[in-house]
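The block underneath contains the structure these notes are about, expressed in C-alpha coordinates.
Only this structure's heavy atoms are used, side chains among them; waters, hydrogens and symmetry mates stay out.
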Amino acid sequence: MFRTRLLSGILLVAIALFVFLTGGALLAVVIFGVSVIAYQELTAACKVRGEGELPGAPVRVGLVMTLVYYGLIGLALGRDISMVFPAMIVAIVAAFLVFLFVYVFTFPKYHANQIMSAMFSFLYGPVMLSFLYLLREGFDDGIYLVWFVFLASWGSDTCAYCVGVLIGKHKMTPKLSPKKSIEGAVGGILGAALLFALYTHFVINRYTMMTLSLPLAMSLGAAGALVSMVGDLAASAVKRDHEIKDYGKLIPGHGGIMDRFDSVIVAGPIVFLGIALSVGIM
(Lines give C-alpha, C1' and ligand atoms only; values in the text may rest on other atoms or scores of the structure.)
Protein backbone atom coordinates (compact mmCIF):
# COMPACT_ATOMS: atom_id res chain seq x y z
CA MET A 1 0.00 0.00 0.00
CA PHE A 2 2.81 2.43 0.87
CA ARG A 3 4.54 1.78 -2.46
CA THR A 4 1.31 2.25 -4.38
CA ARG A 5 0.53 5.45 -2.51
CA LEU A 6 4.06 6.79 -3.07
CA LEU A 7 4.11 6.02 -6.81
CA SER A 8 0.62 7.50 -7.26
CA GLY A 9 1.69 10.62 -5.38
CA ILE A 10 4.81 11.06 -7.53
CA LEU A 11 2.78 10.61 -10.73
CA LEU A 12 0.14 13.04 -9.47
CA VAL A 13 2.78 15.71 -8.74
CA ALA A 14 4.34 15.18 -12.19
CA ILE A 15 0.97 15.57 -13.92
CA ALA A 16 0.16 18.68 -11.86
CA LEU A 17 3.52 20.24 -12.77
CA PHE A 18 3.01 19.58 -16.47
CA VAL A 19 -0.59 20.80 -16.56
CA PHE A 20 -0.04 23.99 -14.57
CA LEU A 21 3.19 24.87 -16.36
CA THR A 22 1.44 24.39 -19.71
CA GLY A 23 -1.73 26.25 -18.71
CA GLY A 24 -4.16 27.46 -21.36
CA ALA A 25 -6.67 25.07 -22.93
CA LEU A 26 -5.06 22.00 -21.38
CA LEU A 27 -5.47 23.41 -17.89
CA ALA A 28 -9.07 24.45 -18.60
CA VAL A 29 -9.98 20.95 -19.79
CA VAL A 30 -8.23 19.24 -16.87
CA ILE A 31 -9.76 21.51 -14.22
CA PHE A 32 -13.19 21.06 -15.78
CA GLY A 33 -12.75 17.29 -15.81
CA VAL A 34 -11.54 17.25 -12.20
CA SER A 35 -14.52 19.43 -11.23
CA VAL A 36 -16.96 17.01 -12.84
CA ILE A 37 -15.39 14.07 -11.00
CA ALA A 38 -15.37 15.98 -7.70
CA TYR A 39 -19.05 16.87 -8.16
CA GLN A 40 -19.97 13.25 -8.82
CA GLU A 41 -17.97 12.06 -5.82
CA LEU A 42 -19.67 14.57 -3.54
CA THR A 43 -23.20 13.86 -4.78
CA ALA A 44 -22.57 10.13 -4.39
CA ALA A 45 -21.22 10.62 -0.85
CA CYS A 46 -24.16 12.86 0.10
CA LYS A 47 -26.65 10.29 -1.25
CA VAL A 48 -28.13 12.59 -3.88
CA ARG A 49 -28.68 9.37 -5.78
CA GLY A 50 -29.05 5.89 -4.37
CA GLU A 51 -26.24 3.37 -4.64
CA GLY A 52 -26.10 1.92 -8.16
CA GLU A 53 -28.77 4.27 -9.52
CA LEU A 54 -28.30 6.26 -12.69
CA PRO A 55 -27.75 10.01 -12.12
CA GLY A 56 -31.06 11.71 -11.37
CA ALA A 57 -32.15 15.20 -12.37
CA PRO A 58 -30.24 17.01 -9.55
CA VAL A 59 -26.96 15.35 -10.56
CA ARG A 60 -27.52 15.98 -14.27
CA VAL A 61 -28.39 19.62 -13.57
CA GLY A 62 -25.19 20.04 -11.60
CA LEU A 63 -23.12 18.60 -14.43
CA VAL A 64 -24.76 20.88 -16.98
CA MET A 65 -24.37 23.93 -14.76
CA THR A 66 -20.71 23.05 -14.24
CA LEU A 67 -20.26 23.30 -18.00
CA VAL A 68 -22.21 26.58 -18.06
CA TYR A 69 -20.21 27.94 -15.14
CA TYR A 70 -16.84 27.25 -16.74
CA GLY A 71 -18.07 28.60 -20.05
CA LEU A 72 -19.11 31.89 -18.46
CA ILE A 73 -15.93 32.43 -16.46
CA GLY A 74 -13.87 31.48 -19.52
CA LEU A 75 -15.64 34.12 -21.61
CA ALA A 76 -15.30 36.69 -18.84
CA LEU A 77 -11.61 35.92 -18.37
CA GLY A 78 -11.08 36.40 -22.09
CA ARG A 79 -12.29 40.00 -21.77
CA ASP A 80 -10.95 41.14 -18.39
CA ILE A 81 -10.36 39.45 -15.04
CA SER A 82 -12.60 42.02 -13.32
CA MET A 83 -15.52 40.53 -15.30
CA VAL A 84 -15.01 37.13 -13.70
CA PHE A 85 -16.77 37.94 -10.42
CA PRO A 86 -20.07 39.07 -12.01
CA ALA A 87 -19.95 35.99 -14.26
CA MET A 88 -19.46 33.73 -11.24
CA ILE A 89 -22.39 35.30 -9.40
CA VAL A 90 -24.65 34.92 -12.44
CA ALA A 91 -23.68 31.26 -12.88
CA ILE A 92 -24.11 30.40 -9.18
CA VAL A 93 -27.50 32.11 -8.91
CA ALA A 94 -28.62 30.45 -12.15
CA ALA A 95 -27.58 27.04 -10.82
CA PHE A 96 -29.49 27.65 -7.59
CA LEU A 97 -32.64 28.62 -9.49
CA VAL A 98 -32.42 25.60 -11.78
CA PHE A 99 -32.10 23.32 -8.76
CA LEU A 100 -35.23 24.96 -7.32
CA PHE A 101 -37.08 24.35 -10.61
CA VAL A 102 -36.11 20.68 -10.47
CA TYR A 103 -37.27 20.43 -6.85
CA VAL A 104 -40.63 22.07 -7.53
CA PHE A 105 -41.56 20.44 -10.84
CA THR A 106 -40.50 16.92 -9.86
CA PHE A 107 -41.93 17.09 -6.34
CA PRO A 108 -42.06 14.81 -4.37
CA LYS A 109 -39.52 12.68 -6.28
CA TYR A 110 -36.52 14.41 -4.69
CA HIS A 111 -36.21 15.44 -1.07
CA ALA A 112 -35.04 18.87 0.06
CA ASN A 113 -31.82 17.43 1.47
CA GLN A 114 -30.95 15.96 -1.95
CA ILE A 115 -31.42 19.32 -3.68
CA MET A 116 -29.41 21.12 -1.00
CA SER A 117 -26.68 18.49 -1.22
CA ALA A 118 -26.55 18.88 -4.99
CA MET A 119 -26.10 22.65 -4.66
CA PHE A 120 -23.54 22.16 -1.89
CA SER A 121 -21.61 19.77 -4.12
CA PHE A 122 -21.67 22.28 -6.99
CA LEU A 123 -20.22 25.02 -4.78
CA TYR A 124 -17.74 22.75 -3.01
CA GLY A 125 -16.40 21.05 -6.13
CA PRO A 126 -16.61 22.98 -9.43
CA VAL A 127 -16.82 26.52 -8.05
CA MET A 128 -14.01 26.19 -5.52
CA LEU A 129 -11.75 24.31 -7.95
CA SER A 130 -12.22 27.00 -10.60
CA PHE A 131 -10.03 29.37 -8.57
CA LEU A 132 -6.99 27.28 -9.53
CA TYR A 133 -7.74 28.01 -13.19
CA LEU A 134 -8.45 31.67 -12.47
CA LEU A 135 -5.24 32.10 -10.49
CA ARG A 136 -3.12 30.51 -13.23
CA GLU A 137 -4.80 32.21 -16.21
CA GLY A 138 -6.16 35.43 -14.71
CA PHE A 139 -2.80 37.05 -13.93
CA ASP A 140 0.18 37.72 -16.16
CA ASP A 141 2.41 35.96 -13.64
CA GLY A 142 -0.07 33.19 -12.92
CA ILE A 143 2.48 30.53 -13.82
CA TYR A 144 4.36 31.57 -10.66
CA LEU A 145 1.40 32.50 -8.45
CA VAL A 146 -0.51 29.22 -8.69
CA TRP A 147 2.14 27.36 -6.68
CA PHE A 148 1.16 29.38 -3.62
CA VAL A 149 -1.92 27.15 -3.39
CA PHE A 150 0.13 23.99 -3.13
CA LEU A 151 2.49 25.56 -0.61
CA ALA A 152 -0.54 26.48 1.51
CA SER A 153 -2.06 23.00 1.28
CA TRP A 154 0.52 20.29 0.69
CA GLY A 155 3.39 22.37 2.13
CA SER A 156 1.57 23.18 5.35
CA ASP A 157 0.39 19.58 5.62
CA THR A 158 4.00 18.37 5.47
CA CYS A 159 5.07 20.90 8.11
CA ALA A 160 2.12 19.99 10.33
CA TYR A 161 2.96 16.29 10.05
CA CYS A 162 6.61 16.82 10.98
CA VAL A 163 5.83 19.04 13.97
CA GLY A 164 3.01 16.75 15.09
CA VAL A 165 5.28 13.69 15.03
CA LEU A 166 7.99 15.52 16.97
CA ILE A 167 6.06 17.37 19.67
CA GLY A 168 2.34 16.80 19.09
CA LYS A 169 0.50 15.99 22.33
CA HIS A 170 -2.87 17.75 22.31
CA LYS A 171 -5.51 16.37 19.94
CA MET A 172 -7.15 18.98 17.74
CA THR A 173 -10.25 17.11 16.52
CA PRO A 174 -10.13 13.61 18.06
CA LYS A 175 -13.45 12.52 16.55
CA LEU A 176 -12.57 13.60 13.00
CA SER A 177 -8.83 13.01 12.81
CA PRO A 178 -7.29 11.49 15.94
CA LYS A 179 -3.73 11.85 14.64
CA LYS A 180 -3.88 15.63 14.13
CA SER A 181 -2.58 17.74 17.01
CA ILE A 182 -2.82 21.39 17.97
CA GLU A 183 0.98 21.61 17.90
CA GLY A 184 0.99 20.17 14.40
CA ALA A 185 -1.62 22.69 13.25
CA VAL A 186 0.43 25.59 14.62
CA GLY A 187 3.52 24.15 12.95
CA GLY A 188 1.64 23.87 9.65
CA ILE A 189 0.48 27.49 9.79
CA LEU A 190 3.91 28.84 10.74
CA GLY A 191 5.56 26.57 8.19
CA ALA A 192 3.30 27.81 5.42
CA ALA A 193 4.00 31.43 6.40
CA LEU A 194 7.73 30.71 6.14
CA LEU A 195 7.35 28.90 2.81
CA PHE A 196 5.35 31.83 1.41
CA ALA A 197 8.01 34.29 2.58
CA LEU A 198 10.83 32.28 1.00
CA TYR A 199 8.96 31.73 -2.27
CA THR A 200 8.03 35.40 -2.45
CA HIS A 201 11.58 36.58 -1.77
CA PHE A 202 13.39 34.16 -4.08
CA VAL A 203 10.83 33.77 -6.89
CA ILE A 204 7.92 36.23 -6.98
CA ASN A 205 9.87 39.43 -6.26
CA ARG A 206 12.76 38.40 -8.52
CA TYR A 207 11.20 36.82 -11.58
CA THR A 208 7.79 38.49 -11.92
CA MET A 209 6.44 41.99 -12.43
CA MET A 210 4.72 41.78 -9.04
CA THR A 211 6.11 42.91 -5.72
CA LEU A 212 4.61 41.34 -2.61
CA SER A 213 5.68 42.44 0.84
CA LEU A 214 6.93 39.64 3.07
CA PRO A 215 4.39 40.40 5.86
CA LEU A 216 1.58 40.14 3.29
CA ALA A 217 3.00 36.91 1.90
CA MET A 218 3.33 35.41 5.37
CA SER A 219 -0.20 36.44 6.31
CA LEU A 220 -1.54 34.92 3.12
CA GLY A 221 0.40 31.72 3.78
CA ALA A 222 -0.93 31.46 7.33
CA ALA A 223 -4.52 32.07 6.17
CA GLY A 224 -4.17 29.58 3.34
CA ALA A 225 -2.78 26.93 5.68
CA LEU A 226 -5.57 27.48 8.19
CA VAL A 227 -8.37 27.09 5.66
CA SER A 228 -6.63 24.13 4.01
CA MET A 229 -6.72 22.33 7.37
CA VAL A 230 -10.40 23.14 7.73
CA GLY A 231 -10.98 21.87 4.18
CA ASP A 232 -9.23 18.60 4.99
CA LEU A 233 -11.30 18.13 8.15
CA ALA A 234 -14.54 19.17 6.42
CA ALA A 235 -14.04 16.53 3.73
CA SER A 236 -13.41 13.97 6.48
CA ALA A 237 -16.55 15.10 8.29
CA VAL A 238 -18.67 14.54 5.17
CA LYS A 239 -17.26 11.01 4.85
CA ARG A 240 -17.92 10.22 8.51
CA ASP A 241 -21.43 11.66 8.30
CA HIS A 242 -22.21 9.27 5.45
CA GLU A 243 -20.07 6.39 6.71
CA ILE A 244 -17.74 6.01 3.74
CA LYS A 245 -13.99 5.43 3.74
CA ASP A 246 -13.01 7.22 0.51
CA TYR A 247 -14.76 9.42 -2.03
CA GLY A 248 -13.58 7.24 -4.90
CA LYS A 249 -10.89 4.94 -6.28
CA LEU A 250 -9.48 7.10 -9.06
CA ILE A 251 -6.05 7.59 -7.45
CA PRO A 252 -4.57 4.28 -6.18
CA GLY A 253 -3.62 4.51 -2.54
CA HIS A 254 -5.23 7.93 -2.12
CA GLY A 255 -8.90 7.50 -3.03
CA GLY A 256 -10.79 10.01 -5.15
CA ILE A 257 -10.30 13.61 -6.21
CA MET A 258 -11.91 14.87 -3.01
CA ASP A 259 -9.61 12.70 -0.89
CA ARG A 260 -6.44 14.11 -2.46
CA PHE A 261 -7.48 17.70 -3.21
CA ASP A 262 -9.65 18.43 -0.15
CA SER A 263 -7.21 21.05 1.19
CA VAL A 264 -6.25 22.45 -2.24
CA ILE A 265 -9.91 23.11 -3.02
CA VAL A 266 -10.34 25.59 -0.18
CA ALA A 267 -6.84 27.08 -0.28
CA GLY A 268 -7.30 28.17 -3.91
CA PRO A 269 -9.97 30.84 -3.29
CA ILE A 270 -8.07 32.33 -0.33
CA VAL A 271 -4.84 32.67 -2.33
CA PHE A 272 -6.69 34.06 -5.34
CA LEU A 273 -8.58 36.66 -3.29
CA GLY A 274 -5.41 37.65 -1.44
CA ILE A 275 -3.52 38.19 -4.71
CA ALA A 276 -6.48 39.99 -6.28
CA LEU A 277 -6.69 42.39 -3.33
CA SER A 278 -2.94 42.98 -3.38
CA VAL A 279 -2.96 44.01 -7.05
CA GLY A 280 -6.12 46.09 -6.69
CA ILE A 281 -8.61 44.27 -8.90
CA MET A 282 -11.11 43.92 -6.05
Side-chain angles (χ1 to χ4, degrees), residues 5-24 26-28 30-31 33-35 37-38 124-125 128-139 141-163 184-185 187-208 210 212 216-235 250-251 253-276 278:
R5 184 178 177 85
L6 178 62
L7 291 176
S8 296
I10 293 173
L11 180 60
L12 191 64
V13 170
I15 293 172
L17 281 170
F18 177 73
V19 171
F20 281 102
L21 287 173
T22 303
L26 175 64
L27 178 63
V30 170
I31 293 293
V34 168
S35 295
I37 296 171
Y124 197 176
M128 298 290 274
L129 278 166
S130 69
F131 283 95
L132 291 173
Y133 173 70
L134 294 173
L135 186 60
R136 170 62 177 87
E137 297 297 313
F139 300 96
D141 296 312
I143 193 171
Y144 296 99
L145 298 173
V146 72
W147 305 111
F148 274 133
V149 178
F150 297 97
L151 289 177
S153 54
W154 295 349
S156 69
D157 188 53
T158 301
C159 294
Y161 174 79
C162 293
V163 173
I189 292 172
L190 295 178
L194 178 60
L195 289 173
F196 268 55
L198 292 173
Y199 186 70
T200 297
H201 178 71
F202 289 107
V203 178
I204 299 298
N205 290 349
R206 291 191 181 189
Y207 299 104
T208 75
M210 295 184 63
L212 294 178
L216 174 61
M218 294 178 72
S219 299
L220 187 57
L226 179 61
V227 297
S228 73
M229 291 178 192
V230 173
D232 183 15
L233 293 170
L250 180 66
I251 309 171
H254 293 270
I257 291 296
M258 289 299 302
D259 294 293
R260 181 65 273 177
F261 291 91
D262 47 10
S263 58
V264 173
I265 286 174
V266 294
I270 294 298
V271 173
F272 177 84
L273 293 173
I275 298 296
S278 70

Ignoring hydrogens, what is the shortest heavy-atom contact between [X] and [Y]? Give both atom names and the distance.
X: S153; Y: S156; value: O-OG, 3.1 Å
X: A222; Y: I189; value: CB-CG2, 3.6 Å
X: G274; Y: L220; value: CA-CD1, 3.9 Å
X: V271; Y: V149; value: CB-CG2, 4.0 Å
X: V227; Y: A267; value: CG2-CA, 4.1 Å
X: A225; Y: G188; value: CB-O, 3.9 Å

How many angstroms lie between atom [atom1] of [X] and atom [atom2] of [Y], to the nearest 0.5 angstrom?
X: I265; Y: I257; atom1: CD1; atom2: CD1; result: 8.5 Å
X: L134; Y: L273; atom1: CG; atom2: CG; result: 10.0 Å
X: F150; Y: L132; atom1: CZ; atom2: CG; result: 5.5 Å
X: I143; Y: L135; atom1: CD1; atom2: CG; result: 12.0 Å
X: N205; Y: Y199; atom1: CG; atom2: OH; result: 11.0 Å
X: M218; Y: L198; atom1: CE; atom2: CG; result: 9.0 Å

Quick check against the 3.5 Å criterion: does S228 have a side-chain atom that pairs as donor or acceptor with the backbone of A152?
yes
Are the aromatic rings of Y133 and F272 close, with centres under 6.0 Å apart?
no
Check whether any side-chain heavy atom of [X] lies under 4.5 Å from a side-chain heavy atom of [Y], and answer yes or no.
X: I204; Y: L145; answer: yes
X: I31; Y: F20; answer: yes
X: S278; Y: L216; answer: yes

For the pair Y207 and Y144, name the ring-plane relationship: parallel under 30°, tilted 30 to 60°, perpendicular over 60°.
parallel
Might you work through the side-chain contact (heavy atoms from CB on, under 4.5 Å) test for V266 and D232, ending with a clear yes or no?
CA-CA 9 Å; V266 294; D232 183 15; over 6 Å; no
For a side-chain contact (heavy atoms from CB on, under 4.5 Å) check, start with the C-alpha distance between L194 and C159, then their side-chain angles and the critical distance, and finish with the verdict.
CA-CA 10 Å; L194 178 60; C159 294; over 6 Å; no
Passes side-chain contact (heavy atoms from CB on, under 4.5 Å), F131 versus I270? Steps please.
CA-CA 9 Å; F131 283 95; I270 294 298; over 6 Å; no
Evaluation steps, side-chain contact (heavy atoms from CB on, under 4.5 Å), between W147 and L17
CA-CA 9 Å; W147 305 111; L17 281 170; 3.7 Å; yes
